[in-house]
Amino acid sequence: MTRTLSHLDRLEAEAIHVFREVAATFAKPVMLYSVGKDSSVLLHLALKAFAPARPPFPFMHIDTTWKFREMYAFRDRLARDLGFDLLVHTNPDGLEKGINPYDHGSSVHTHIMKTVALRQALDKYGFDAAFGGARRDEEKSRAKERIFSFRDEKHTWDPKNQRPEMWKIYNTKVKPGQSIRAFPLSNWTELDIWQYILRENIEIVPLYFAARRPVIERDGMLIMVDDERTKLRPGEVLEERMIRFRTLGCYPLTAAIESDATSLEAIVREMLIARTSERQGRLIDKDESGSMEKKKREGYF
Amino acid sequence: MENEALIPEDDAGIRAYMRSQEHKSLLRFLTCGSVDDGKSTLIGRLLYDTKLIFEDQLATLKNDTRKHGTTGEEFDFALLVDGLEAEREQGITIDVAYRFFATSPRKFIVADTPGHEQYTRNMATGASTADVAVILIDARQGVLKQTRRHSFIVSQLGIRHIALAVNKIDLVDFSKDVFDRIVADYRAFARDLGFASITPIPLSARYGDNVTTPSARMDWYHGPTLLAFLETVEVDRDAAQGPLRFPVQYVNRPNLDFRGFAGTIASGSVKVGDTVTVAKSGQSSKVKRIVLGADDRDAAIAGEAVTLVLEDEIEVSRGNMLVAPDQRPHVADQLAANLIWFDEEPLFAGRPYLLRTETDQMPATVTAIKHRIDVNTFAQEAAKSLAMNEIGHCNLSLQAPLAFDAYKDNRLTGAFILIDRLTNATVAAGLIDHPLRRASNVHWQALDVTREARAEQKHQKAVTLWFTGLSGSGKSTIANLLDKRLFALGKHATLLDGDNVRHGLNRDLGFTEADRVENIRRVAEVARLMTDAGLITMVSFISPFREDRQMARERLPDGAFVEIFVDTPFEECARRDVKGLYAKALRGEIKNFTGVDSPYEAPENPDIHLRTSGRDAADMAEEIETWLKARGYL
């Protein structure tokens with residue numbers, strides 16, 4: 001036999017293996033779906049892992065209410081087209097208190113609307129395993145995390161005391177109240193993600209493609225004005241520019257880049273010659289040094 | 001990021017370029033060695049030199065270097081990989097970090113593993129999935145104990161090609177003599193480790209000599225740079241050649257028309273029409289379909305995660321394996337394996353664990369530690385226990401048959417982990433050597449007169465009543481009273497008392513942890529034999545460890561083990577001090593005394609919980625009798 005597997009085939013097989021392992025060993029798994037490109041890839045792999053059956057778990061979106069409108073439209077259409085079971089959870093306390101990234105800062109917003117919301121949702125439904133799209137190449141503390149990442153009753157991650165993860169043998173034992181986060185894309189890089197999207201023709205949110213969109217410049221970042229909740233500060237000018245997103249989070253916390261890339265190929269080309277990392281456009285990573293590790297220990301993805 | 005000039009401008013060009021990228025091979029390697037050999041620095045250097053560090057990351061690195069760095073004005077590359085706060089503060093690597101880079105021929109996944117002995121299990125985690133190891137040595141230090149330990153683990157885990165990176169060569173004036181001496185030392189020590197190749201490279205991770213570009217400062221060295229080695233080293237693809245091994249991970253049955261077995265092919269290949277055999281039952285069928293996503297395939301090879309549909313409805317579930325009919329794996333319930341012990345609590349023979357392979361899982365007991373391996377000399381030493389990070393050759397007995405290969409033949413189907421049943425911690429990695437034939441040769445003698453029949457003759461149910469509690473809690477007193485009541489009722493009972501057993505059967509045992517485990521094991525076995533004889537067997541033993549009581553429970557059939565917790569507070573036992581032992585222990589004259597300097601792990605869910613404070617012993621004996629009557633034991 002002369003056929004060998006390409007590195008992309010290997011990554012795909014590893015991810016599928018993780019999906020099946022969780023489905024086989026946990027009582028109530030859920031896939032966290034955040035509408036971005038990694039979520040699109042994750043969803044595609046989940047469908048592939050269980051075909052011709054449907055994935056034996058629901059999908060859940062932790063909604064901060066601050067996603068771009070196009071993301072909500074995309075999410076709802078996909079759920080309808082593919083007929084998957086989509087749960088949406090927003091932190092009701094945060095909503096009531098009107099927590100938002102402008103008045104409360106990105107750190108408080110992320111903690112309450114994402115970390116706390118996620119913990120609430122996992123407890124509410126009693127999920128004992130949650131798939132996430134995190135990749136080890138994204139950030140230093142993620143590079144340290146296991147594929148099966150154990151969380152205690154309070155959803156916290158103890159980075160200094162992770163379970164050994166030998167070969168493809170995953171220790172899936174948890175006690176009531178404890179859970180794991182499973183990361184099928186752990187070993188994928190940003191380039192692998194795009195390569196796979198290109199190879200498998202995976203649909204992604206149009207915001208990844210360049211178009212003329214309304215933006216302001218703030219603290220050296222290009223912030224897209226998506227609705228009336230963005231208040232212009234003195235001196236800021238709203239203008240239309242050809243922009244796109246390399247990564248998608250909550251909209252005041254995710255910076256756009258100027259670009260002419262309107263096709264997948266052009267996006268890939270841009271990424272191949274990029275001089276800055278993907279998370280450059282994520283404001284939440286920079287609040288303080290080691291901030292991702294801190295968030296993860298508190299129960300963030 | 002790539003050289004912009006090489007990237008095509010148009011969409012078709014990009015597609016072609018991406019296709020060419022996609023067919024790169026993948027090499028997984030780890031860096032290991034002793035503390036401060038510069039493993040993290042080396043990886044940081046590789047990422048930097050292969051242009052994998054983005055501008056914003058470089059800016060962060062500059063900041064971090066000023067804050068935590070150890071290199072003055074130069075970039076401290078280790079800070080690129082040491083991602084945890086504790087690591088950056090202490091300047092050490094605690095857990096394995098995975099990093100990614102690519103050059104024109106290959107994609108690389110690097111596991112940067114910790115050098116401290118304390119974190120050996122994290123090093124083993126990184127090594128278990130690696131094809132190649134880069135073993136670092138500080139040129140000023142030479143071969144150290146950790147170099148030997150890591151080399152041994154790497155060889156045990158089946159890595160066959162290593163690069164010996166003699167780092168910090170700049171600090172020994174680029175000396176050929178130093179390099180040659182270290183290489184000679186290493187080769188002498190590694191002779192028996194069975195590596196297919198050892199490639200020694202003198203380098204300086206900090207300054208980049210011989211990392212990605214040949215050094216101008218070592219004209220005596222003519223070998224490859226580290227990167228050149230990594231780009232060209234042959235990656236074993238034995239798995240593709242071996243016999244078919246398909247561990248069934250998940251049975252996919254969405255409706256009556258489809259029943260597929262999902263899993264990842266561990267070795268060999270399979271095509272539609274092939275005959276496959278179910279490892280544990282020996283039943284065979286033919287492959288009808290190979291499904292991956294929406295596609296049907298004609299064939300699949302090792303490493304692919306597919307779903308197989310068979311021609312016939314045969315019994316296959318998770319944990320079983322579909323295999324080549326003419327080359328089957330071992331199926332046995334006893335095996336010999338090397339264990340790498342991870343847990344802070346040492347291993348003692350006799351304790352029950354959960355054995356987990358890629359897809360199978362069952363209770364298992366380490367029945368014997370045959371020997372421990374000294375990682376310095378590789379000598380085999382007699383051992384009663386394995387401490388954290390020690391490696392030993394052990395016999396295991398499993399509660400059900402397992403399908404497996406020897407680890408040397410298959411890294412995926414010859415491996416397992418052991419899980420602590422109470423804490424769920426992963427306590428060991430196991431590399432299977434061979435099945436033990438004893439299990440099949442010494443057949444269990446099926447008794448014609450059963451336990452039930454013997455018990456029925458005595459008008460009772462056979463059961464072991466296991467009394468646990470602190471010394472002086474009243475276990476023996478209550479058991480004695482119950483014994484009398486049972487006798488009066490015409491029942492057939494017997495009492496095994498901890499102190500008495502130590503005078504006879506267990507006279508040879510002391511009070512070390514290993515001996516205490518053996519003490520319990522023997523008593524549990526005797527209790528089982530007596531219960532098999534149809535008796536109501538009372539065991540009055542402190543038995544302070546949950547694991548040991550669990551072990552006893554598992555030796556008896558369901559319902560034939562009743563745990564009775566005689567719950568008397570420590571203060572009360574110490575006050576009564578019937579035998580004067582507490583006074584001695586508190587004065588330090590007795591070591592390992594339960595409740596004083598050795599813990600008592602109270603049962604979480606005892607079948608009967610006797611809170612003795614303010615109660616009469618006769619009253620509690622009656623309570624047990626009532627309990628037994630209510631459940632039909634008497």
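Below, chains carry the letters A, B, ... as their sequence lines are ordered, and counting in each starts from 1. On a predicted model such as this, the values are computed, not experimentally measured, just so you know.
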Examine the side chains of B/R356 and A/T172 and answer whether a donor and an acceptor come within less than 3.5 Å of each other.
yes
In residues 145-154 of chain A, which residues are in contact with chain B at a heavy-atom separation under 4.5 Å?
A/R146
Check against side-chain contact (heavy atoms from CB on, under 4.5 Å), B/E358 and A/H17
CA-CA 10 Å; B/E358 191 179 299; A/H17 188 86; 3.3 Å; yes
Assert top hit (heavy-atom pairs under 4.5 Å, partner chain B, pool A/I16, A/V174, A/N171) equals A/N171
With heavy-atom distances below 4.5 Å as the criterion, would you say the side chains of [X] and [Y] are in contact?
X      : Y      : value
B/E304 : A/D9   : no
A/M166 : B/L157 : yes
B/Y250 : A/F50  : yes

Chain A contact via [X] - side chain, backbone, both or neither, heavy atoms under 4.5 Å:
X      : answer
B/V96  : both
B/R289 : neither
B/Y98  : both

Residue A/S186 versus chain B: region with a heavy atom under 4.5 Å
backbone
Taking NZ, NE, NH1 and NH2 as the nitrogens, is one of them in A/E165 or B/R121 under 4.0 Å from a carboxylate oxygen of the other?
no
Measure across B/Y17 and A/L272 and return the closest heavy-atom pair with its distance rounded to 0.1 Å.
CE2-CD1, 3.5 Å
Over all heavy atoms of both residues, which pair between B/P254 and A/A53 is shortest? Give the atoms and the distance, please.
CB-CB, 3.5 Å
A/E12 and B/L292: CA distance, side-chain angles, deciding distance, side-chain contact (heavy atoms from CB on, under 4.5 Å) verdict:
CA-CA 11 Å; A/E12 179 188 70; B/L292 177 60; 3.9 Å; yes
The single option from B/T307, B/N252, B/T359 passing side-chain contact (heavy atoms from CB on, under 4.5 Å) against A/R20
B/T307
Apply salt bridge (Lys or Arg N to Asp or Glu O under 4.0 Å) to residues B/R99 and A/E138 and explain how you reach the verdict.
CA-CA 10 Å; B/R99 301 302 302 242; A/E138 284 178 272; over 6 Å; no
Atom pair OG1/CG of B/T129 and A/N187 - distance to nearest 0.5 Å
8.0 Å
Nearest 0.5 angstrom please: B/K107 NZ to A/L11 CG, how far?
7.5 Å
Give a yes or no on whether the ring-centroid distance for A/W167 and B/Y407 is below 6.0 angstrom.
yes
Any side-chain to backbone donor/acceptor pair from A/K175 onto B/L422? Under 3.5 Å, distance only.
yes
Between B/V306, B/N255, B/V291, the one whose heavy-atom pairs under 4.5 Å with chain A are most numerous
B/V306
Checking A/T25 against B/R318 for the side-chain contact (heavy atoms from CB on, under 4.5 Å) test, could you report, in this order, the C-alpha distance in whole Å, the side-chain angles of both residues, the deciding distance, and whether it holds?
CA-CA 10 Å; A/T25 55; B/R318 177 177 160 90; 3.4 Å; yes
